Asks: 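Pasting in a structure now, in structure tokens, and then I'll have a few things to ask.
The model shown is predicted, which means the values in this text are computed figures rather than measured ones. Just so we're on the same page: letters track the sequence lines, and every chain starts at 1. These numbers come from the heavy atoms of this one structure, side chains and all, not from hydrogens, waters or symmetry mates.
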Number of protein chains: 2
Amino acid sequence: MSEQARQLCELKAEIFAAAGHPIRMAIIEFLRDGEKCVCQIAAYIGAERSNVSRHLAVMLQAGLVKHEKQGLKMIYSLTTPCILGFLECVTSVLRQRAEETRAVLENL
Amino acid sequence: MSEQARQLCELKAEIFAAAGHPIRMAIIEFLRDGEKCVCQIAAYIGAERSNVSRHLAVMLQAGLVKHEKQGLKMIYSLTTPCILGFLECVTSVLRQRAEETRAVLENL
DNA sequence: TTACTATATGAGTATATTGTAACATAATCA
DNA sequence: TGATTATGTTACAATATACTCATATAGTAA
């Protein structure tokens, strides 16, 4: 495995990890509706603003979201629409798992 | 935010997190070629077998891979092809980031 | 048995997450 | 103007989780 491939894996893993937390996943889902400020996100999720702000910083660093200041508020939005394609895939994985589980249960 | 939505976010996040580690990302890339045993994966990545085995267990739990015993060896393979669609999206995110960085540097 | 393969476990280290509080900035109001 | 409020980020400390390595265990094949 080449050093370059290793570094590429680190970058890709960083992006996945940036979505790999319940709160951050909830943020992504919430931002599907459109751009939101930190306080809206925190209210929706029911978490501390400081905590949400830190999670957003992780996502910003990974390139999952972008932000823009509007007066008092910092508005966050998703960067790339293909992130939503991610989610459909994940949902299909979950659906598949659910069906497998059901199949197992039916054979009891 | 409903309790059900919260649980769904946890499940989705678990899947992303299962891909959100350099070694696990390297495993996914390696398994694109087809099914492999633990020893092949460990050799390719250059990590301890026990460590690779543990990471595979994480991916198994999340449903990213499946495994099947063949004689001495445990053969792992990717479960859903759409995971590879993930990767193209991630690559596009990285490409976009790279171009933004280049644009910034050109304006120095 | 012996060699090989994979997983489980324990210990130590490192990283992530969280709440609280302090701070910075921008808008609002007296 | 100065004081106050709203919003977001950051620092600190505590806790929890993840990661890695070394070793032990278990199963399989020759």
Asks: So if I take every side-chain heavy atom of A/Leu72 and compare against D/dG27, C/dA27, C/dT17, which nucleotide ends up nearest?
Replies: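 The answer is C/dA27, which lies nearest to the side chain.
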Asks: Report the distance from atom CG of B/Leu56 to atom C1' of C/dT5, rounded to the nearest whole Å.
Replies: 13 Å
Asks: OP1, OP2 of C/dA6 versus side-chain N and O of B/Arg54: anything below 4.0 Å?
Replies: no
Asks: Among the nucleotides D/dT10, C/dT18, D/dG8, which one has an atom lying closest to any side-chain atom of A/Arg49?
Replies: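 The nucleotide sitting nearest to the side chain is D/dG8.
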Asks: Take a 6.0 Å sphere around CD of A/Gln70 and say whether it holds more than 12 heavy atoms from other residues, nucleotides or ligands.
Replies: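 Yes.
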Asks: Checking contacts here: which listed nucleotide (C/dG19, D/dG8, D/dT23) is nearest the side-chain heavy atoms of A/Met74?
Replies: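 From the listed options, D/dG8 comes nearest.
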Asks: Is the ring pair A/His21/A/His55 parallel, tilted or perpendicular, if the boundaries are 30 and 60 degrees?
Replies: tilted
Asks: Parallel, tilted or perpendicular: which fits the ring planes of B/Phe16 and A/Phe16, with parallel below 30° and perpendicular above 60°?
Replies: tilted
Asks: Would you kindly give the CD1-to-P distance between A/Ile45 and D/dG8, to the nearest whole Å?
Replies: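 My rounded result for the distance is 13 Å.
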Asks: Map A/Val58 and A/Gly71 onto DNA chain C by nearest heavy atom, then report which one ends up closer to the 5' terminus.
Replies: A/Val58
Asks: Figure out the CD1/P separation between B/Ile23 and D/dC19, and round it to whole Å.
Replies: 9 Å
Asks: Using the side-chain heavy atoms of B/Ser50, tell me which of these nucleotides is nearest: C/dA6, D/dA22, D/dG8.
Replies: D/dA22
Asks: Of the candidate nucleotides D/dG8, C/dT18, D/dA29, which contains the atom at the shortest distance from the side chain of A/Val38?
Replies: D/dG8
Asks: Expressed as a whole number of angstroms, how long is the span from A/Ile75:CD1 to D/dG8:C1'?
Replies: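 Checked: the CD1 to C1' distance equals 11 Å.
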Asks: Name the closest nucleotide to the A/His21 side chain, picking from D/dT9, C/dT17, D/dC19.
Replies: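 Given the options D/dT9, C/dT17, D/dC19, the side chain of A/His21 is closest to C/dT17.
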Asks: What nucleotide among C/dT25, D/dG8, C/dG19 has an atom nearest to a side-chain atom of A/Asn51?
Replies: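 For A/Asn51, the side-chain atoms sit closest to C/dG19.
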Asks: Can you tell me the distance, in whole Å, between the NZ atom of A/Lys36 and the P atom of D/dT7?
Replies: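 Whole-Å distance recorded here is 15 Å.
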Asks: For A/Glu48 and A/Lys69, take the nucleotide of DNA chain C holding the closest heavy atom to each; which residue's nucleotide lies nearer the 5' end?
Replies: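 Result of the comparison: A/Glu48.
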Asks: Measuring from the side chain of B/Tyr76 (C-beta onward, heavy atoms only), which nucleotide among C/dT5, D/dT9, C/dT7 has the closest atom?
Replies: C/dT7
Asks: Distance check needed: C/dA16 C1' versus A/Gln61 CD, whole Å only.
Replies: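 Spelled out: CD on A/Gln61 to C1' on C/dA16 is 15 Å.
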Asks: Does B/Lys36 make a cation-pi contact with B/Phe30, if we ask for NZ or CZ under 6.0 Å from the ring centre and within 45° of the axis?
Replies: yes
Asks: C/dG19 P sits how many Å from A/His55 NE2, rounded?
Replies: 9 Å
Asks: Could you state the CD-P distance from B/Gln70 to D/dA29, rounded to the nearest angstrom?
Replies: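 The distance from CD of B/Gln70 to P of D/dA29 comes to 11 Å, rounded to the nearest Å.
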Asks: Which nucleotide sits closest to the side chain of B/Cys39: D/dT7, C/dA6, C/dT18?
Replies: C/dA6
Asks: Got a second to check how far A/Glu48's CD is from A/Arg54's CZ, nearest 0.5 Å?
Replies: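 That separation rounds to 9.0 Å.
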